[in-house]
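Accompanying notes for the structure given below.
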Amino acid sequence: MSIASKYDPAQAEAKWYAYWMEHKLFSSKIDPSKEPYTIVIPPPNVTGVLHMGHMLNNTIQDVLIRRARMLGKNACWVPGTDHASIATEAKVVNMLKEMGIDKKSLTREEFLKYAWEWKEKYGGIILEQLKKLGASCDWDRTAFTMDPALSNSVITVFVDLYKKGKIYRGIRMVNWDPKGQTALSDDEVIMKEIASKLYYIQYKIEGTKDQFLTIATTRPETIMADVAICVNPNDPRFTHLKGKKALIPLINRAIPIIEDEYVDMEFGTGCLKVTPAHDINDYELGLKHKLEVIDILNDNGTLNEKAQILVGEDRFIARKKIGKLLDEAGQLEKIEDYKSNVGHSERTDAVIEPKLSLQWFLNMEEITKPALKSVMEDTIQLHPSKFKNMYRAWMENVRDWCISRQLWWGHRIPAFYLPNGEFVVAKTAEEALKLANEQFRSNYTLTDLTQDEDVLDTWFSAWLWPISVFDTDVFATGKPNEELKYYYPTNDLVTAPEILFFWVARMIIAGYEYLGEKPFKNVYLTGIVRDKLGRKMSKSLGNSPDPLELIAQYGADGVRTGMLFSSPAGNDLPYDDKLVEQGRNFANKIWNAFRLVKGWEIDPSLDGSSNEASIAWFENRFNEGLTEINEHFEKFRISDALMATYKLVWDDFCSWYLEMIKPAYQHPIDQQTYDKTIEIFEGILKILHPFMPFISEELWHQIKERSVEESLILATWPKAENFDPKIIEEAKQVFEVVSQVRNLRASKGMSPKEALDLSINAKNPELYTQFATVLSKLANLSSLNFADKVDNSMSFVVKADECFIPMGDSVNIEEEKANIQKDLEYTRGFLNSVLKKLSNERFVAGAPANVIEMERKKQADAEAKIKALEESLAKLG
RNA sequence: GGAAGUUUAGCUCAGCUGGUUCAGAGCAUCUGCCUUACAAGCAGAGGGUCGGGGGUUCGAAUCCCUCAACUUCCA
């Protein structure tokens, strides 16, 4: 026998992944005779490389899909990638910069050519990496959010929603990213607490020589955009200023002093500068008081000529300079340290500038309603359910969705502007022209039309994903094709809570809007993979291991199980190499269990009846374990399902069962036991497969030669048969005796090689005789007898059975007595607590019958044990 | 500032509707073993007044109140 004692994953992984691919075993075709089970992958960004989060997320998906496949379902896992507008455009812009090309010097078409080249080159990397993990996606279905057909459906949906009046164009205060030079949705803004300064600035009251009012602001560079000063009408400090005007320092522009209860009298000085162009609250206030809007910032965050001073300076430089200017002018009262929450771009990390601009919006008011309802009523279940609260909070307070982005990479907005200042929305320029000429009774030609320069928010395509991977025409036709009818709604979605609103909620919205049906039944929300210090793993911190390196080192199976050992749904995963090491060790354990079995020689003439009890025990235990595992899966407790599998395989199968039936060294095994053991091993491999697809498939084929159709990936998940708890209970008792003998040896410093005689004063000797050979083997006994008393022996009690091991003169009677005494005292104390309960009338009257029954049994057990212990004590004299 | 969640062994977490799965699991730790499947292993062992305080109850890790700490979401 020349199987290596250590499992080498690399070879098996390459071999079996290629095998599965070659024979198209991940492929799913419509089959009405089978129940579909569908997962759509959360499409990773084309800019992405595999990180630890992907590993966790995709391992979970693969576990689910592989188990579903074995359950006989038509398992379909659709892979793909997302075009990621901002991130990809930023990557391409950087690449061009390195090539010495400025994006501004390119036309849109030229830029897109570079972008597509970039995408073709790098966009598929992450999917290749997923294969290393073992992901059993139907790769023939690989989709990309900017594929022509998918793009077409995005545009169709835009036009449709526009026609329904749900999409509109409007001036709004948006989150402007001056670095990315685009508007962002609220969700793409990350609030961070920043140490800043509060500037106290004095504004002269118009028409006076020395009267001032003081405002406090964190943004002194915006004073040139002020259009009013606002005070609270209830504030007695400012009643004398009513109707007057103030002069903006440095530029001396007069602005009215207005009153509004909105102003917090406690904060700052009680005077608020109103700058509608650069603050969302001021903007609202401006609307209310019909104030003008002065925008002093350029799109790139520099000051424009409306600022009059510091024109061309960056907003942050201007802030510093204006502080100095105000100080020199004697109008800076003081500067205080201040902590404020400042929005940052999720993508570029630039400080967000509230900016008024013309953008496209989707009205969310009506369209979100069915989506909220379905989650609240558990039509769609979130796992863990605690996310329902968050979901509701968002959906009930959702604001209109800003869907335009000032970028080139993405789906260009199908709005066409006309020379008359109007615009039309249509799928193509030709249609737009027709529409325009009808609507405005004109004779425009194509050259008169100018298409909107902007693209749509990436999520505006991703929200169609569970539909458009199957059917890109349904948005136009309203008639689902066969694929969509069969695979939709999908079953489970596995993703991160971070994108619950970005993506999950919007997919649900789109599902109901276009198909009147949920996009998936379950949403499994994973946690974030963190390092030992609790920090999120990130490239910039350099605290993340390289996933491919990990796979190379520990094997894909080891990494997969390692990722799942400690990651209940919704919980963060504190990553530690120890986890994947444990996974690797587990694979090795299975490998060696196989080596053992494979190494046996079979002697058909041998009688295997002494192993029957062991086999019967394991079969019952297997079904018990399997029942438990199935329950965990059904509740999406993947970690627990893995742990139950781990213990069943390692503890019950390897540590107990194999040791029980293992023939002595270089002795053959009987045919019956061997066959049963192989059968059991096959069951083990089946339940391991979703977690550890590679090693399980490898051993499956090493057991015997099998055809493609007989591959483990296609095998049937074992049926959980009924089991007899009594058999499991009895075996436990025998195991306990084994443990006690071993324990006794260890505590006396005896070698395990030293065989011992064991006598049991058993209520039911049959229980032990059926496992007689097992007991002898595992506890290393020279004999097993039944007797109610053995002189000069050490003893212990299991349940109510006394066990004796004669030790001749070496027995320390006093020590033995002390041990028994200790046990006795504990049991008596326990009995007392039980009796106390049972003698309490209110307990007996109030507790349910089964609880009382239980207490009575406790009493009986304790009494029996006490009796046995007392007898032991008495025998010692 | 508003809301939710978390707090159980050194670490990561189970413990469903109050009563034998009630104090658990894995890892880590300690002790003894290179016992021919596996030292990536085997056999044993020790570790927690279930965040603090109060209450309800015959009975609380579990229900209620309160305080504290941490996390997340929203502003």
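Here is how names work: the chains are called A, B, and so on, in the same order as the sequence lines, proteins then strands, and each is numbered from 1.
Listed nucleotides: B:A37, B:U35, B:A14. Nearest to the side chain of A:Lys753: B:U35. In the set B:A28, B:C38, B:A14, B:C38 carries the atom at the smallest distance from any side-chain atom of A:Asn592. Across B:A37, B:U12, B:C73, the shortest atom-to-atom separation from the side chain of A:Ala593 is found for B:A37. Ranking B:G44, B:C38, B:U36 by closeness to the A:Arg595 side chain, first place goes to B:C38. Distance from the side chain of A:Ala746 is smallest to B:G44 among B:G44, B:A28, B:A14. Listed candidates were B:C73, B:A39, B:A37. Nearest to the side chain of A:Lys6 is B:A39. Nearest nucleotide to the side chain of A:Asn389, out of B:C27, B:A4, B:G44: B:A4. For A:Leu596, whose side chain is taken as the heavy atoms from C-beta onward, the closest listed nucleotide among B:G15, B:A37, B:A40 is B:A37. Of the listed nucleotides (B:C73, B:A25, B:A4), B:A25 has the atom at the smallest distance from the side chain of A:Met643.
Taking the six-membered ring for Trp and thresholds of 30 and 60 degrees, A:Phe653 and A:Phe681 have ring planes more than 60 degrees apart, a perpendicular arrangement.
Residue A:Lys589 has a polar side-chain atom (N or O) positioned under 4.0 Å from OP1 or OP2 of B:C42. For the pair A:Trp394 and B:A4, the criterion of a side-chain N or O lying under 4.0 Å from OP1 or OP2 is not met. Phosphate contact (OP1/OP2 of B:A37, side-chain N/O of A:Lys662, threshold under 4.0 Å): present. Not one side-chain nitrogen or oxygen of A:Ser751 sits closer than 4.0 Å to the OP1 or OP2 atom of B:U35. Taking side-chain N and O atoms only, A:Tyr554 has no distance below 4.0 Å to OP1 or OP2 of B:A40. In terms of phosphate contacts, A:Arg856 brings no side-chain nitrogen or oxygen within less than 4.0 Å of OP1 or OP2 of B:U20. Applying the 4.0 Å criterion to OP1 and OP2 of B:A45, one finds that A:Asn743 has a side-chain N or O inside that range.
Across all strands shown, B:G47 has no partner, as no Watson-Crick or G-U wobble contact with both distances under 3.5 Å is found. Base pairing annotation: B:U17 forms no Watson-Crick or G-U wobble pair, as no partner gives both donor-acceptor distances under 3.5 Å. Across the strands present, B:A3 finds its partner in B:U72; the criterion is a Watson-Crick or G-U wobble pair with both atom distances under 3.5 angstrom. The nucleotide B:G10 finds its pairing partner in B:C27, both defining distances of the Watson-Crick or G-U wobble pair being shorter than 3.5 Å. Figure legend. B:A61 is base-paired to no nucleotide; pairs are counted as Watson-Crick or G-U wobble with both atom distances under 3.5 Å. Base-pair partner of B:G41: B:C33 (Watson-Crick or G-U wobble, both distances under 3.5 Å).
Comparing the same atom, P, in B:C13 and in B:U71 gives a spacing of 14 Å after rounding to whole Å. Comparing the C1' positions of B:U62 and B:G24 gives a spacing of 15 Å, expressed to the nearest Å. Atom name P, nucleotides B:G51 and B:U6: the rounded distance is 12 Å, in whole Å. Going from the C1' atom of B:C50 to that of B:A60 covers 11 Å, rounded to whole Å. For the P atom pair drawn from B:A69 and B:C27, the interatomic distance equals 36 Å after rounding to whole Å. Using atom C1' as the reference point in both B:G15 and B:G48, the two lie 14 Å apart (nearest Å). A gap of 15 Å separates the C1' atoms of B:G52 and B:C70, to the nearest Å. Taking atom P on both B:A61 and B:G54, the two are 14 Å apart, rounded to the nearest angstrom.
Look at OH on A:Tyr646: it is 10 Å from C1' on B:A40, rounded to the nearest Å. Between the CD1 atom of A:Ile190 and the C1' atom of B:U72 there is a distance of 14 Å, given to the nearest Å. Atom pair A:Leu564:CG and B:C27:P shows a separation of 16 Å (rounding to whole Å applied). The nearest whole Å value for the distance from the CE atom in A:Met390 to the C1' atom in B:U6 is 15 Å. Residue A:Asn588 contributes atom CG, which lies 14 Å from atom C1' of B:C42 at whole-angstrom precision. Between the CD atom of A:Glu754 and the C1' atom of B:A43 there is a distance of 16 Å, given to the nearest Å. Rounded to whole Å, the distance from CD on A:Glu581 to C1' on B:A40 is 7 Å. Atoms CD1 (A:Ile695) and P (B:A40) sit 16 Å apart, rounded to a whole Å.
Under 4.0 Å is where a charged nitrogen must lie from a carboxylate oxygen, and between A:Lys388 and A:Asp378 at least one such pair does. Using a cut-off of 4.0 Å between Lys/Arg side-chain N and Asp/Glu carboxylate O, A:Asp260 and A:Lys288 are scored as salt-bridged.
By the rule that a glycosidic angle within 90° of 0 means syn, B:G26 does not qualify and counts as anti.
A centroid separation of 6.0 Å or more is found between the aromatic rings of A:Tyr391 and A:Phe501. Close placement of the A:Trp617 and A:Phe735 rings is indicated, their centers lying within 6.0 Å of each other.
Residue-level contact check: A:Arg742 touches the backbone only, with heavy atoms under 4.0 Å from sugar-phosphate atoms and none from bases. At the heavy-atom level, A:Ser747 lies nowhere under 4.0 Å from the strands shown. Within the 4.0 angstrom heavy-atom criterion, no nucleotide atom of any strand lies near A:Glu498. Using a 4.0 Å heavy-atom distance criterion, A:Arg745 is classed as making no nucleic acid contact. Heavy atoms of A:Asp572 sit under 4.0 angstrom from primed sugar atoms or phosphate atoms, though from no base atom. Backbone-only engagement by A:Trp650 is indicated by non-hydrogen atom pairs under 4.0 Å involving sugar-phosphate atoms exclusively. The residue A:Phe565 sits apart from the nucleic acid: no heavy atom pair falls under 4.0 Å. Nucleic acid contact class of A:Pro574 (heavy atoms, under 4.0 Å, all strands): sugar-phosphate only. Note on A:Arg399: only backbone sugar-phosphate atoms sit closer than 4.0 angstrom, heavy atoms only; bases stay farther off.
Residue A:His632 is the one, among A:His632 and A:Ala393, whose nearest nucleotide of RNA chain B lies closer to the 5' end (criterion: closest heavy atom). Checking A:Pro9 against A:Trp591, the closest nucleotide of RNA chain B that is more toward the 5' end is the one next to A:Trp591.
Cation-pi geometry between A:Arg506 and A:Trp401 is met: under 6.0 angstrom from the ring centre, within 45 degrees of the axis.
Exactly one of A:Gln733, A:Gln740, A:Lys732 qualifies for a side chain to side chain donor-acceptor pair (under 3.5 Å) with A:Glu736. That residue is A:Gln740.
Annotation: the span from A:Ile669 atom CD1 to A:Thr677 atom OG1 amounts to 5.5 Å, rounded to 0.5 Å.
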#### Entry: Step-by-step ring-ring contact (aromatic ring centres under 6.0 Å, His included) determination, A:Phe622 to A:Phe723
CA-CA 9 Å; A:Phe622 180 82; A:Phe723 55 90; over 10 Å; no
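Side chain A:Glu659 to base B:A43: no donor-acceptor pair is found below 3.5 Å.
One N or O on the side chain of A:Arg560 and one on the backbone of A:Phe691 form a donor-acceptor pair closer than 3.5 Å.
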